[in-house]
Q: 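Here you go, one structure.
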There are 2 protein chains.
Amino acid sequence: MEEGTSESPSHRESTVDHGGADPFQWDTREDCQVRQILDRIADKWSLLVIALLDNRRLRFTELRREIDGVSQRMLTVTLRSLERDGLVKRTVHPVVPPRVEYELTSLGRTLHTTIQSLVTWTEAHQKEIAAARTAYDTRAARAAEATTP
Amino acid sequence: MEEGTSESPSHRESTVDHGGADPFQWDTREDCQVRQILDRIADKWSLLVIALLDNRRLRFTELRREIDGVSQRMLTVTLRSLERDGLVKRTVHPVVPPRVEYELTSLGRTLHTTIQSLVTWTEAHQKEIAAARTAYDTRAARAAEATTP
DNA sequence: CTGTATCCTTCTCGATACTG
DNA sequence: CAGTATCGAGAAGGATACAG
């Protein structure tokens, strides 16, 4: 597998070294911890997997069917990453044909809860964002039309 | 500019159409609203910009200096996206040389607040995640060594 | 100073084929 | 059923040059 490991090829230590006493200081470095988590939950499929696994155990094919559009490859890669991070538990039943089930770990469930606040924010503000986009695009269009009348 | 517009080339309406009464139903579609917001804050630089702009007005060059590693191009692209979404306000002072200042909008500040819960979660669980990764990698290494002794 | 335009490299992801 | 392996298209992002 050529990806999915994301074993930070960085030259710097990943451990945060806040200079002061600030409990939560944003990290301007590229290998920031928050960025790593965000990259995980914001990639194309992880969010959906975490959502669908909420309080359920699902088989590979069930996930694949529910997600609609995910390739076999990407579902595998996504699940491996989530498993590696301890967010998803993978259970292989030694039967034939193989039966593999996925479920959130307790850590995964706490992340799910946290993500909900983001979902809530999005639900609450999507109108504003849509409006801002429209306004911006309208202004941009008018500016372009002023340059080329 | 070949990017940054992200004018959803989707064939479907973006407005959410939950079938039932669930206040927050996850959307399995690709053009899900939450995904759009996540893509914004999880791209390589937006999170840092939002973080640095917290309660401050900064000039282009000041942002560039503070972010460390961002290219001129990507800072511009990032700021334009954030501005388009109504998260950042751009103020041009008609002087020469030009002076442009950026600050969070009130919408941007609420997003900043929301993101903090994710930062908090990350701070609280980064040890667990690191441990999970180590454990997974160790298991994987042992498995590989068992196949090729 | 604050951008925009272009080129070019790197990475991601999907399609496809094959396996235990 | 649940993957793994390989390949290629396209997007993202950095370097560089130029402009108002």
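Below, chains carry the letters A, B, ... as their sequence lines are ordered, and counting in each starts from 1. Everything numeric in this text was worked out from a predicted model, so none of it was measured.
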Q: Under 4.5 Å between any side-chain heavy atoms of A:E101 and A:E62, yes or no?
A: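 The answer is no, as the side chains (C-beta and beyond) never meet within the 4.5 Å cut-off.
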Q: Think A:W45 has a side-chain N or O under 4.0 angstrom from the OP1 or OP2 of C:dT12?
A: no
Q: Output the distance between atom CD (A:E128) and atom OG1 (B:T105), rounded to the nearest 0.5 Å.
A: 8.5 Å
Q: If you round to the nearest 0.5 Å, how far is CG of B:D39 from CG of A:D43?
A: 9.5 Å
Q: Round to a whole Å and report the spacing from CG of B:D43 to C1' of C:dC11.
A: 16 Å
Q: Is the backbone of B:T113 close enough, under 3.5 Å, to the side chain of B:S117 for a donor and an acceptor to pair up by distance?
A: no
Q: Could you tell me the separation between the CD atom of B:E83 and the P atom of C:dT2, rounded to a whole number of Å?
A: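 Atom CD in B:E83 sits about 15 Å away from atom P in C:dT2.
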Q: Among D:dG3, C:dG14, C:dG3, find the nucleotide with the atom closest to the side chain of A:M74.
A: C:dG14
Q: Let me check the geometry of the helix from C:dC1-D:dG20 to C:dG20-D:dC1. What is the bend angle between the axes at its two ends, five pairs each, to 10°?
A: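 It works out to 40° between the end axes.
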Q: Check whether any side-chain N or O of A:R40 sits under 3.5 Å from a backbone N or O of A:S46 as a donor-acceptor pair, and report yes or no.
A: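 Side chain of A:R40 to backbone of A:S46, a donor-acceptor pair under 3.5 Å: no, none is there.
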Q: Using a cut-off of strictly less than 4.0 Å, decide whether A:Y102 has a side-chain nitrogen or oxygen near OP1 or OP2 of D:dC1.
A: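 Indeed not, no polar side-chain atom of A:Y102 lies that close.
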Q: Any idea which of C:dT4, D:dA2, D:dG20 is nearest the B:P98 side chain?
A: D:dG20
Q: Looking only at side-chain N and O atoms, does B:R90 come under 4.0 Å of OP1 or OP2 in C:dT2?
A: no
Q: Mind checking the CG-CG spacing from B:L48 to B:D68? Nearest 0.5 Å is all I need.
A: 9.5 Å
Q: Tell me which residues in residues 52-64 of chain A lie within less than 4.0 Å of DNA chain D, going by non-hydrogen atoms.
A: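 The answer is A:R59, A:F60, A:T61.
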Q: Can you check the B:I67 CD1 to D:dG14 P distance for me, whole Å?
A: 11 Å
Q: Rounding to a whole Å, what distance do you find between A:D39:CG and C:dC11:P?
A: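 Answer to the nearest Å: 14 Å.
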Q: Any chance you could measure B:R65, atom CZ, to B:F60, atom CZ, to the nearest 0.5 Å?
A: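 So the gap between those two atoms works out to 12.0 Å.
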Q: Is B:R65 near enough to C:dT2 that one of its side-chain N or O atoms lies under 4.0 angstrom from OP1 or OP2?
A: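 For C:dT2, neither OP1 nor OP2 has a side-chain N or O of B:R65 closer than 4.0 Å.
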Q: Distance check needed: D:dG14 C1' versus B:D68 CG, whole Å only.
A: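 Rounded to whole Å, this separation is 14 Å.
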Q: Taking the minimum atom-to-atom distance to the side chain of A:R80, which one of D:dC1, D:dT4, C:dC1 wins?
A: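 The answer is D:dT4.
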Q: Working to the nearest 0.5 angstrom, can you tell me the gap between B:L118 CG and B:I41 CD1?
A: 6.5 Å
Q: A:Q72 CD to D:dT6 P: how many Å, rounded?
A: 16 Å
Q: Keeping A:T122 on the side-chain end and B:Q33 on the backbone end, is there a donor-acceptor pair under 3.5 Å?
A: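 Flag not set: sc A:T122 to bb B:Q33 has no pair under 3.5 Å.
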